[in-house]
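A quick write-up on the structure given underneath.
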Amino acid sequence: MRRSLAVLFTVAGLVFALDFATKRWATQTLANRDSIPVLGEFLRLTYTRNSGVAFGLGAGTNFPFYMFSLLAAAAILVLFVRGRVQGLAHETALALIFGGAIGNLVDRITTGLVVDFVDVGIGAWRFPVFNVADSAVTV
């Protein structure tokens with residue numbers, strides 16, 4: 001269990017730190033600006049604030065979406081503490097989800113919105129704008 005908790009807190013801590021730093025940078029640099037092309041129109045930096053969950057689902061409602069992040073983080077922590085997570089791949093995968101959940105939870109609790117800024121797509125076919133925490137949860 002000792003190794004498992006070390007993996008959890010190391011990986012989740014790195015995800016959280018990277019997510020926090022990039023969201024802060026995006027807020028300071030990208031807010032109130034047009035999209036910035038990075039790889040032409042395929043990859044752009046587009047500052048948005050999302051009040052919903054993944055893909056903006058539920059945006060504009062008063063539902064307490066932070067509860068999803070709290071429940072996910074609590075469930076993962078319980079699994080690790082009880083020694084139910086076996087193998088480095090599983091530990092790492094759940095640690096990525098834990099770090100991403102905490103990253104978006106901090107946004108929701110402090111501002112009520114999640115900062116998103118990675119914009120991928122071709123022409124009108126665009127994936128919903130996302131952030132580092134979303135990427136970690138998806139991986």
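Everything numeric in this text was worked out from a predicted model, so none of it was measured. Numbers here are sequence positions counted from 1.
Donor-acceptor pairing under 3.5 Å is recorded for the side chains of Thr111 and Arg49.
In plain terms, the two heavy atoms of Ala73 and Phe98 that are nearest each other are O-CE1, 3.3 Å. When all heavy atoms of Gly100 and Ala133 are compared, the closest pair comes out as O-CB, 3.4 Å.
The shortest side-chain heavy-atom distance between Asn32 and Tyr47 does not fall under the 4.5 Å cut-off. Residues Thr92 and Val7 form a side-chain contact, since some pair of their non-hydrogen atoms from C-beta on lies under 4.5 Å apart. At a threshold of 4.5 Å between non-hydrogen side-chain atoms, the residues Leu8 and Leu77 count as touching. Counting heavy atoms from C-beta outward, Phe16 and Val11 have side chains that stay 4.5 Å or more apart.
Phe9 and Val137 are assigned to two separate hydrophobic clusters, defined by single-linkage of ILVMFWY side chains at heavy-atom distances under 4.5 Å. Linking ILVMFWY residues whenever their side-chain heavy atoms come closer than 4.5 Å, directly or via other members, leaves Phe80 and Val15 in distinct clusters. Residues Trp25 and Phe130 share a hydrophobic cluster, clusters being chains of Ile/Leu/Val/Met/Phe/Trp/Tyr side chains in contact below 4.5 Å. Criterion: ILVMFWY side-chain heavy atoms under 4.5 Å apart, direct or through other members. Under it, Val118 and Phe42 are part of a common hydrophobic cluster. Ile97 and Leu71 fall into different hydrophobic clusters, defined by Ile, Leu, Val, Met, Phe, Trp and Tyr side-chain heavy atoms under 4.5 Å apart, directly or through other members.
The side chain to side chain contact (heavy atoms under 4.5 Å, CB included) test with Thr48 is passed by exactly one of Leu30, Asp116, Val115, Leu113: Asp116.
A donor-acceptor distance shorter than 3.5 angstrom exists from the side chain of Thr22 to the backbone of Asp19, with no hydrogens or angles considered.
Within 6.0 Å of CZ on Arg126 lie more than 12 heavy atoms contributed by other residues, nucleotides or ligands. With a 6.0 Å radius and a threshold of 12 heavy atoms from other residues, nucleotides or ligands, Leu39 has its CG atom above the threshold.
The distance from atom OG of Ser4 to atom CG of Leu79, rounded to the nearest 0.5 Å, is 11.0 Å. Here Phe20 contributes atom CZ and Asp107 contributes atom CG; the two are 8.5 Å apart, rounded to the nearest 0.5 Å. Taking OG1 of Thr29 as the reference point, atom CZ of Phe117 lies at 10.0 Å (rounded to 0.5 Å). In this structure, the separation between CG on Leu45 and CG on Asp34 is 12.5 Å, given to the nearest 0.5 Å.
With sequence neighbours left out, the side-chain contact (heavy atoms from CB on, under 4.5 Å) criterion links Ser35 to Arg44, Thr46, Asp119.
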> side-chain contact (heavy atoms from CB on, under 4.5 Å) between Val114 and Arg108: does it pass, once the steps are laid out?
Replying inline: CA-CA 6 Å; Val114 174; Arg108 288 191 194 289; 3.6 Å; yes

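The side chain to side chain donor-acceptor pair (under 3.5 Å) pairs that include a residue from residues 96-106 are Lys23-Asn104, Asn104-Asn131, Asn104-Asp134, where partners are two or more places apart or lie in different chains.
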